[in-house]
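Computed over heavy atoms, backbone and side chain alike; hydrogens, waters and symmetry mates excluded. In what follows, chains carry the letters A, B, and so on, assigned in the order in which the sequence lines appear, proteins first and then strands, with residues in each chain numbered from 1.
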Amino acid sequence: MARLVLRRFLSSIVALVLLAVVVFSLLRASPGSFAYAALASEPRITEEMVKNLERQYGLDQPIVVQLGRFARELSSGDLGNSFYFRSPVSEIIAARMRITIELMTGALLLAIPAGILLGVISATRRNSLIDYAARGMAITGICTPQFVLGIIVLFVLLRFFNYSPPFSYASLFEDPWTNLQQFLWPVIILALGPTAAISRLTRSQMLEVLREDYVRTATAKGLPPRVVILRHALRNALPPVVALIASTVGTLIGGAVVVERLFSLPGMGMALISGVAYYDYPLVQGIVLFVGLGFVVVSLALDIFVGWLDPRIRDAAR
Amino acid sequence: MTTSTQAKGASDASAGAAAIPAARSAIVKFMKRQPAGTACFLVIVAWSLVAIFAPFLAPHPQKEFVGNPFVPPGSQFPLGTDQFGRDVFSRIIWGARVSMYVGVFGAFSGVTIGASIGIIAGYVRGAVDVVVVRMIDGLQSIPALVFALVIVGSFGASLQNVLLGIVIIYIPTSARIARILAQSIGSRPFVEAARSCGAGPFRILALHIVPNVFPPMLVMYSLAVGGAIVVEATLSFLGVGIPADVASWGGMIQASGIQTLASSWWIMLAPGAAIASAVYSFNLFGDALRDQLDPRLRV
Amino acid sequence: MENYSERSAASYWSRRRLLKTGALGTVGLGAAALIGCSNSGTSSNATKAPATGGSPVAAGQPKKGGTIRAVYNYDVPTLDIHNSATAGQGVTIMGSVYAGLTRFSWEVPWKVDIDLAQSWTTPDPLQWVFKLHNGIKYHDGSDLKAEDIVYNLKRLTSPDGAKASPAIGGQFAKIGLTAEAPDATTVVIKTKVPAPYLAATLARSGARFMKPDVIERKAFDKEFIGAGPWKLDRHERGTGFFYSRNPNFYLTGKPYADKLERRLITDVPPELSAMATLQVHTIGSFPALLPSQIATVTKQAGDKVVVSEIANGTSRMFVNVDRAPFNDKRVRLAAHLAMDRPDIVKRSYEGALTPGVLDPRDSGDYALTKDEVAALPGFRTPKDQDLAEVKKLLAAAGFTSEGPKFTLIARRTSLYVEACTVVADNLTKAGFKPEFTAVESSLGVTRQIQGEYDMGTVLPAADEDPILSLLNLLANGANHTGVKDADYVKNVPEKLQAALIMTNKAERIQAAKDVQKYVSTTDSSVMSLGGYTGFVVNAKVLKGNYPAPTTSGEAFYDAWLDA
């Protein structure tokens with residue numbers, strides 16, 4: 001187990017370094033209106049000001065020197081200053097990540113139990129009405145883009161219930177009721193895709209496991225079906241599902257970009273769109289690296305969890 | 001020596017002749033066992049034809065204002081007109097070009113490049129494999145939409161850059177799967193046998209590994225097209241995709257907004273339905289293909 | 001000078017025409033508006049303006065407390081109120097924080113009220129004496145002195161200031177404005193030529209005053225110390241502006257509400273949703289809303305909101321004359337002729353635009369009549385004659401096989417993107433090759449100011465004086481639009497500057513009409529589309545807040561919540 005953790009940890013670090021280099025080169029290779037964004041508050045931009053700016057950001061240096069400087073700054077936790085927000089990128093991320101994380105956590109807390117439950121029901125009552133309903137919902141959840149769902153939800157709430165989620169953000173700790181109303185709909189929209197994916201995989205895994213001998217034995221022993229399903233079948237069906245959740249986290253961040261915009265939640269996704277539209281390279285770079293870091297950490301944690309859940313994987317690492 | 005070559009040529013020829021009925025029976029089998037998948041395939045074919053023949057099928061050019069704004073669906077405009085008086089039906093047809101081009105071509109390039117990298121890494125192993133695995137891990141730690149945003153944001157909003165973004169998104173995912181498959185196939189007895197018979201690495205790759213990696217990659221590809229269409233539509237919706245006046249399904253929804261949903265629902269629902277039907281078909285067809293090729297194989 | 005007041009009463013009903021939203025409340029407000037109407041004739045141009053007393057519109061005793069909620073649609077590049085880059089949303093946002101010598105009334109359109117000045121006199125046409133209220137304090141508690149105002153005016157009229165703020169600082173510099181402070185509560189302003197419109201220009205938010213110390217340290221994007229009704233407690237870029245009432249405000253008891261919040265909502269669907277469910281108290285001050293957007297709100301909110309019309313200025317396209325292809329006067333004229341105004345009105349403005357140069361609903365007699373507009377090149381229907389001339393002009397300019405290629409940028413605000421979509425279509429049909437891109441709003445402002453565009457669009461806010469509106473529309477704005485041709489200079493900027501100081505109304509109207517006709521037949525760098533009159537929605541609980549001229553922002557001096 002310790003070897004598995006160490007190996008995954010080391011490979012995560014390598015992945016992160018690579019990611020930083022990729023993002024760094026992409027943004028440097030682009031021909032953007034970087035100077036206009038950085039000097040927007042000046043009444044008149046002169047060539048000299050642009051030169052000064054390039055010097056300040058080290059853009060006049062050879063690319064290798066720039067990379068070295070970038071690595072130095074990164075290792076000291078300095079992500080630079082955002083042109084658009086005019087404050088340090090690390091501060092913007094710190095202030096906004098709670099919204100994005102709340103959205104994602106909410107979506108996972110909803111999607112994991114709902115997906116597993118639907119999958120188990122589908123598998124145990126195969127070809128029943130509920131099975132078809134769950135499968136239909138799953139495929140719809142996967143296929144409909146979140147922005148379409150978001151606009152339809154906003155419209156239906158407004159038209160038929162004369163309701164709109166509160167648009168001014170309230171923190172979960174200061175005003176939980178408002179916060180709940182704000183996050184409920186975006187979380188449901190975000191959760192739909194993962195719920196669908198999880199229920200589909202759970203269903204197929206369960207169908208396979210239910211055919212296994214040890215499950216048949218357990219049933220033959222006269223154990224009640226609930227116990228067989230929960231204790232014997234589900235535990236063995238779960239490892240691939242947990243692995244799926246790791247990749248779901250990535251999809252959720254993409255979805256957060258969309259729902260934050262539609263529901264006026266000032267999270268990291270909204271900042272990322274502003275940054276992209278504004279040629280705000282430090283901001284985009286910082287957010288992408290932060291998201292990458294988060295993703296790697298979550299994947300690592302889930303890998304370890306899967307290893308604990310499934311001894312075969314643990315042994316394979318040896 | 002001569003005879004053996006001749007015999008081989010003959011067997012190749014007969015294999016080629018036999019391939020057609022074999023393929024036919026495989027298709028018939030697929031149609032029998034996967035009626036939903038077949039229906040989805042027909043929808044895919046239909047959308048592809050619409051995209052290819054858009055200039056002939058669309059009653060009006062995509063940017064032209066042909067009627068009054070907000071005309072409801074009727075005999076003159078089957079899907080009504082948008083807020084500018086452009087024919088929604090024509091724009092759906094033109095929009096299919098963008099979605100299918102980006103989806104089919106972007107996913108195809110991404111999956112092909114990814115699969116090639118994966119196969120080579122999985123077969124060659126050693127240092128190449130280590131490097132590729134690290135690259136895949138690095139690229140995979142950025143969510144697809146975020147990556148596409150970064151690429152479009154840094155190189156500018158254009159169809160080519162959206163395509164580039166989508167190609168890059170699918171490289172790591174398909175490389176990872178192809179690598180695992182190539183590894184497991186590479187250690188199977190029949191490959192060992194071929195190797196011991198003196199087959200070179202290229203021959204083994206071409207005759208044994210690639211044909212066996214191909215079916216699952218086809219499944220991966222079908223699913224990737226659906227994903228690519230959603231990414232393109234989302235980028236256009238966020239306003240960082242292709243230019244605003246080019247008809248794309250996501251852009252059409254972005255421009256309509258909620259105010260038209262109340263009074264002129266067709267402006268938003270028509271492109272919404274188009275996206276859903278295309279994505280649905282690619283996903284369901286991919287599933288059907290997977291079930292048919294190997295029910296135990298899951299991506 | 002009396003001619004400045006004449007417009008108000010006549011245009012009152014049309015400017016603030018309250019729409020029937022199926023509510024009884026509309027009737028009450030309509031009656032209130034009538035009262036306002038009768039007041040306007042007497043007060044607009046008094047040399048000594050009346051004190052701001054009880055509002056005739058806000059019937060009933062104002063209630064204290066509560067939070068007024070408003071929205072804005074895009075961030076601006078800077079919060080320096082003396083920089084035209086703040087135009088539009090920026091003046092609305094910062095107009096609440098900084099006070100000026102005068103301000104526009106909330107009840108009577110274009111009526112100039114006193115602000116920091118308790119009175120003013122004009123001993124001679126070249127001299128204005130403003131007497132300040134006693135004991136005016138900044139938000140930080142320090143005293144506002146007359147010399148601070150002089151400092152601000154000096155900044156505006158300096159070469160840099162005039163450049164950064166062409167419509168205000170530039171205009172002040174042009175008339176040779178100087179200011180001095182003989183004592184702590186008196187500001188004397190002198191001009192080289194008579195400037196009867198000065199009180200109105202001073203009422204624009206761009207002419208408000210910041211604490212000199214903040215300007216000196218160039219800290220205006222971080223510290224917001226003014227003497228206006230609202231203290232800006234917090235500004236989170238990309239999120240919102242959060243204000244609290246200024247307890248030291250010179251008008252004791254005002255503002256009535258405790259807090260004011262402005263939140264960023266970039267997309268129209270959530271903005272309309274928020275208004276329809278009454279989570280915000282007002283939307284649409286700038287840019288005003290289109291009929292279909294209003295319908296979405298009123299369908300849900302019914303009689304809980306009051307909808308009124310607001311003139312938002314003249315929608316225009318402008319071109320960069322400093323580079324190809326629009327450095328060629330033939331191409332400029334061709335582009336002007338190619339734009340199909342009725343088409344633009346129909347497709348991008350849902351009929352809320354009146355083709356022409358000045359908006360008759362805003363400028364009354366100064367605007368060309370419908371028939372006069374219909375006869376102008378570029379405004380004619382059918383379009384055949386205009387398009388034939390376009391072809392000739394482009395051929396003469398050397399574009400025989402392929403039309404001129406250029407970039408058309410629109411700031412990502414729905415109104416601008418929609419207008420440009422139609423303009424791009426018009427130009428494409430006429431043989432041009434526009435490359436249309438929508439850019440993030442504040443970046444778009446910067447690109448326009450820096451001249452990184454070929455063609456763009458903006459909605460310049462109208463001024464109290466139609467001649468000044470015309471001057472701002474045609475000669476100011478982004479600095480890359482000034483045609484230097486001697487004939488043009490004589491017929492547009494010079495003619496308008498001369499008309500500014502004319503006292504005979506008929507002569508002024510003639511000058512205005514001449515200029516409007518001239519720019520439609522020659523190679524102007526500004527191609528007006530028409531006057532935009534859209535809609536503002538106010539929640540019924542928000543009293544004492546009616547659409548003021550866009551130029552003065554939405555300062556909520558007299559607003560209160562009847563909750």
In terms of heavy-atom pairs under 4.5 Å with chain B, the winner among A/Val288, A/Val22, A/Val276 is A/Val276

Residue among B/Leu238, B/Leu284, B/Ile136 with most heavy-atom pairs under 4.5 Å to chain A: B/Leu238

Chain B contact residues among residues 291-299 of chain A, heavy-atom distance under 4.5 Å: A/Val291, A/Gly292, A/Phe295, A/Val296

Evaluate whether atom CZ of A/Phe70 has more than 12 neighbouring non-hydrogen atoms of other residues, nucleotides or ligands under 6.0 angstrom away. yes

At a 4.5 Å cut-off on heavy atoms, which part of B/Ala144 comes close to chain A: side chain, backbone, both, or neither? neither

Need one label for A/Ile273: side chain, backbone, both or neither, based on atoms under 4.5 Å from any heavy atom in chain B. side chain

Measure distances from B/Phe282 to the heavy atoms of chain A and classify the residue's part below 4.5 Å as side chain, backbone, both or neither. neither

Kindly give the heavy-atom pair with the smallest separation between A/Phe147 and B/Gly250, and that separation in Å. CZ-CA, 4.1 Å

Just checking heavy atoms, which of residues 259-268 of chain A are less than 4.5 Å from chain B? A/Arg261, A/Leu262

Rounded to the nearest 0.5 Å, what separation is found between the CG atom of B/Leu149 and the CG atom of A/Leu272? 5.0 Å

Partner residues of B/Trp47 under the ring-ring contact (aromatic ring centres under 6.0 Å, His included) criterion, sequence neighbours left out: B/Trp249

If we define contacts as heavy-atom pairs under 4.5 Å, which of A/Val148, A/Val258, A/Val14 has the most with chain B? A/Val14

Looking at CZ of A/Arg200 and CG of B/Asp287, how far apart are the two atoms once the value is rounded to the nearest 0.5 Å? 4.0 Å

Please give me the minimum heavy-atom distance between A/Gly254 and B/Pro143, naming the atom from each residue. N-CB, 4.5 Å

Of A/Leu19, A/Leu244, A/Ile287, the largest count of non-hydrogen pairs under 4.5 angstrom with chain B goes to A/Leu19

Working to the nearest 0.5 angstrom, can you tell me the gap between B/Phe237 CZ and A/Gln146 CD? 11.0 Å

CD1-OG1 distance between B/Ile275 and A/Thr144, expressed to the nearest 0.5 angstrom: 9.5 Å

Mind jotting down which residue pairs meet the side chain to side chain donor-acceptor pair (under 3.5 Å) criterion with at least one end in residues 95-104 of chain B? Sequence neighbours excluded, please. B/Tyr101-B/Gln160

Side chain proximity check, B/Ile142 to A/Val23, heavy atoms < 4.5 angstrom: yes

Any chance you could measure A/Ile151, atom CD1, to B/Met268, atom CE, to the nearest 0.5 Å? 5.0 Å

Between B/Ala276, B/Ala233, B/Gly272, who has the most heavy-atom pairs with chain A when the cutoff is under 4.5 Å? B/Ala233

Around B/Met135, counting heavy atoms of other residues, nucleotides and ligands shown, do more than 12 lie under 6.0 Å from its CE? no

Looking at CG of A/Leu16 and CZ of B/Arg134, how far apart are the two atoms once the value is rounded to the nearest 0.5 Å? 12.0 Å

